[in-house]
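Position 1 is the first residue of the sequence, and the numbers go up from there.
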Amino acid sequence: MKLASNWRAVLRHAWSLRLTVLASMLGAVEFVLPIFMDDPPIERGVFAALAALVSLAAAIARVVAQQPISGE
């Protein structure tokens, strides 16, 4: 594995990275919310479904060229 030469630009501009972080946060909420609340206001599985959709969007964003990063 090798670090990309423009890794700073990737961290600043890559939508795939932003969406991956969002999916991770949604997964964490799905796990943590029932621990702190006996009856969460949102049905179980909603955050997991949202995390799955955001993960799919991140996979799609990974293959789409982005102007600030790809230089096209």
Could you state the interatomic distance from [atom1] ([X]) to [atom2] ([Y]), rounded to the nearest 0.5 Å?
X	Y	atom1	atom2	result
Leu53	Leu19	CG	CG	11.5 Å
His13	Arg8	NE2	CZ	12.5 Å
Ile42	Phe47	CD1	CZ	3.5 Å
Leu22	Trp15	CG	CH2	10.0 Å
Met25	Thr20	CE	OG1	12.5 Å

Closest approach of [X] to [Y] (non-hydrogen atoms, all atoms of both residues):
X	Y	result
Pro34	Pro40	CA-CG, 4.3 Å
Arg44	Glu30	C-OE2, 4.1 Å
Ala58	Ser16	O-CB, 3.5 Å
Ala51	Gly27	CB-N, 4.1 Å

* **Heavy-atom donor-acceptor pair, Arg18 side chain to Arg12 backbone, under 3.5 Å** =>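 The answer is yes, because a donor-acceptor pair under 3.5 Å joins these two groups.
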* Would you kindly confirm whether Leu3 and Leu17 end up in one hydrophobic cluster when ILVMFWY residues are joined by side chain heavy atoms under 4.5 Å apart? =>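 The answer is yes; both residues are in one hydrophobic cluster.
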